[in-house]
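Each remark here refers to the structure printed beneath this line.
First listed ligand is number 1; within each ligand, the first listed atom is number 1.
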Amino acid sequence: MPYFSDIASVVYEGPDSKNPLAFKYYNPDELIEGKSMRELFRFSVCYWHTFRGTGSDPFGAATLQRPWDDGSDSIDNAKKRVDVAFEFMQKLGVDFYCFHDRDVAPEGKTLAQSNKNLDAIVKHLKKSQKSTGIKLLWGTANLFSHPRYMHGAATSCNADVFAYAAAQVKHVMEATHDLGGENYVFWGGREGYMNLYNTDMKRELDHLATFMHMAVDHAKKIGFKGQFLFEPKPKEPTKHQYDFDAAACLNFIHRNKLDGHVKLNIETNHATLAGHTMMHELEYARIHNALGSIDANTGDLLLGWDTDQFPTDIYLTTQCMLVILEQKGLAPGGTNFDAKVRRESFEPIDLFHAHIGGMDAFARGARIAAAIRKDGVLKDVVKQRYASFDEGIGKQIEKGKASLADCEAYMLKNGNPAANTSGRQEFLENVINDYLR
Ligand code: XUL
Ligand code: CO
């Protein structure tokens, strides 16, 4: 039975269309740098916000109208949500989705019961994937909502809670594998601390590394070849999350010999909370060969918390796409809308407006970024800026063939460095604006 019977499939109608339920820029088969937009973005709908969000916030109750949902924790209700989700994704023309175990299936009284609930829904998801062709971008375990995780999961001071979290990850990884999931995400829900007076930071970080190695070992054991992804976030809910930003995550991965096993899932609002731009986080991950996937959303700079809004800012998406095109896309990762409609946007149709806006904003950003790249504007300026390292002493330094003494001899001979050239920041900002038409 269709739940969105009054909404037709969303199609590309071009920038002149006045139809709010059509794409103006996202044209799935149009090529950008040799890849169809569909392949380039690999858009994904997130199950938790889109099908489990209620609109409640710390100050008020649920507001969102979801007529298909009876609000119960029954398996039938969970299955009905799956049907609605797949109908929504099909109408939107999105090829992927992501979930936490507890979004799709209710938590039972015991681990055995929770596993059984998840298995029942996974069966239903599998059927729906088969009949629609929609695939799982990534699965993950919710290791933060239940009160047992008050002190964290892998970094909890309670060894039984660590063991419970490990058991949960085992089961979701197996479900992800069964559903052909292409990635598995670790967002360190409550892996951090509220206060250092009661925290053994070294022990907690070591436990987190052990947990990750256990996950890598289990993936090998069951033949799961999906990409593991860490998702950096600096704070919220804890005062300090160990996966603070791309740099902290990469240091953790390297120090604990997880290189090659784990890449990063970069989220815009998390970058902002860390005091970085999304472009910074993407570029930092990319240059370390660790840009795996993105959680596409945006924050509100005036609110200062993780508002998870849909991305509509074309400067933002252009900056994202400059980095993503440089690494030729995100596959096997994708562009997951870890975003929620505002609690005031309470009608089901708002879910369509939100996703259409996000997909169009990314499509527009990609076209602009591709035009900038085609003209070589930034590339030429950057190359020229570092040209002194292409020859002479610069070349020797880059090759590791110049010592401090060599540099001293060189400068004593030359007296002063060659004159600096302008950084041309304002010129470049104007050039970028010229492309944002
Ligand atoms: C929380 C967040 C999570 C992860 C998955 O801020 O981003 O939803 O993406 O656990
Ligand atoms: Co996220």
Checklist entry - Does a salt bridge link Asp119 with Lys123, judged by any charged N lying under 4.0 Å from a carboxylate O? => result no

Next on the checklist: Here's one to test your reading of the geometry: is the NZ or CZ of Arg81 within 45 degrees of the ring axis of Phe51 and under 6.0 Å from its centre?
Outcome noted: no

Checklist entry - So which protein N/O/S atoms does the Co ion (ligand 2) have within less than 2.8 Å? => result Glu231 OE2, Glu267 OE1, Asp295 OD2, Asp338 OD2

Checklist entry - Mind checking what makes ring-ring contact (aromatic ring centres under 6.0 Å, His included) contact with Trp305, not counting sequence neighbours? => result none

Checklist entry - Exactly which residues line ligand 1, taking a heavy atom under 4.0 Å from it as the test? => result Trp48, His100, Trp138, Trp187, Glu231, Lys233, Glu267, His270, Asp295, Asp306, Asp338

Item to check | Salt bridge Asp70-Lys80, side-chain N to carboxylate O under 4.0 Å | outcome: no

Checklist entry - Under the 6.0 Å and 45° cation-pi test, does Arg148 pair with Tyr164? => result yes

Checklist entry - Are there more than 12 heavy atoms of other residues, nucleotides or ligands under 6.0 Å from atom NE2 of His151? => result no

Let me have the donor-acceptor pairs involving side chains of residues 135-143, under 3.5 Å, with sequence neighbours excluded, atom names and distances please.
residue: Thr140; atom: OG1; partner: Val185; partner atom: O; Å: 2.6
residue: Asn142; atom: OD1; partner: Phe144; partner atom: N; Å: 3.0
residue: Asn142; atom: OD1; partner: Ser145; partner atom: N; Å: 2.9
residue: Asn142; atom: OD1; partner: Ser145; partner atom: OG; Å: 3.4
residue: Asn142; atom: ND2; partner: Ser145; partner atom: OG; Å: 2.8

Checklist entry - Mind checking whether Phe252 and Met212 have side chains closer than 4.5 Å, heavy atoms only? => result yes

Checklist entry - Hey, are Arg373 and Glu326 close enough for a salt bridge, meaning a charged N less than 4.0 Å from a carboxylate O? => result yes

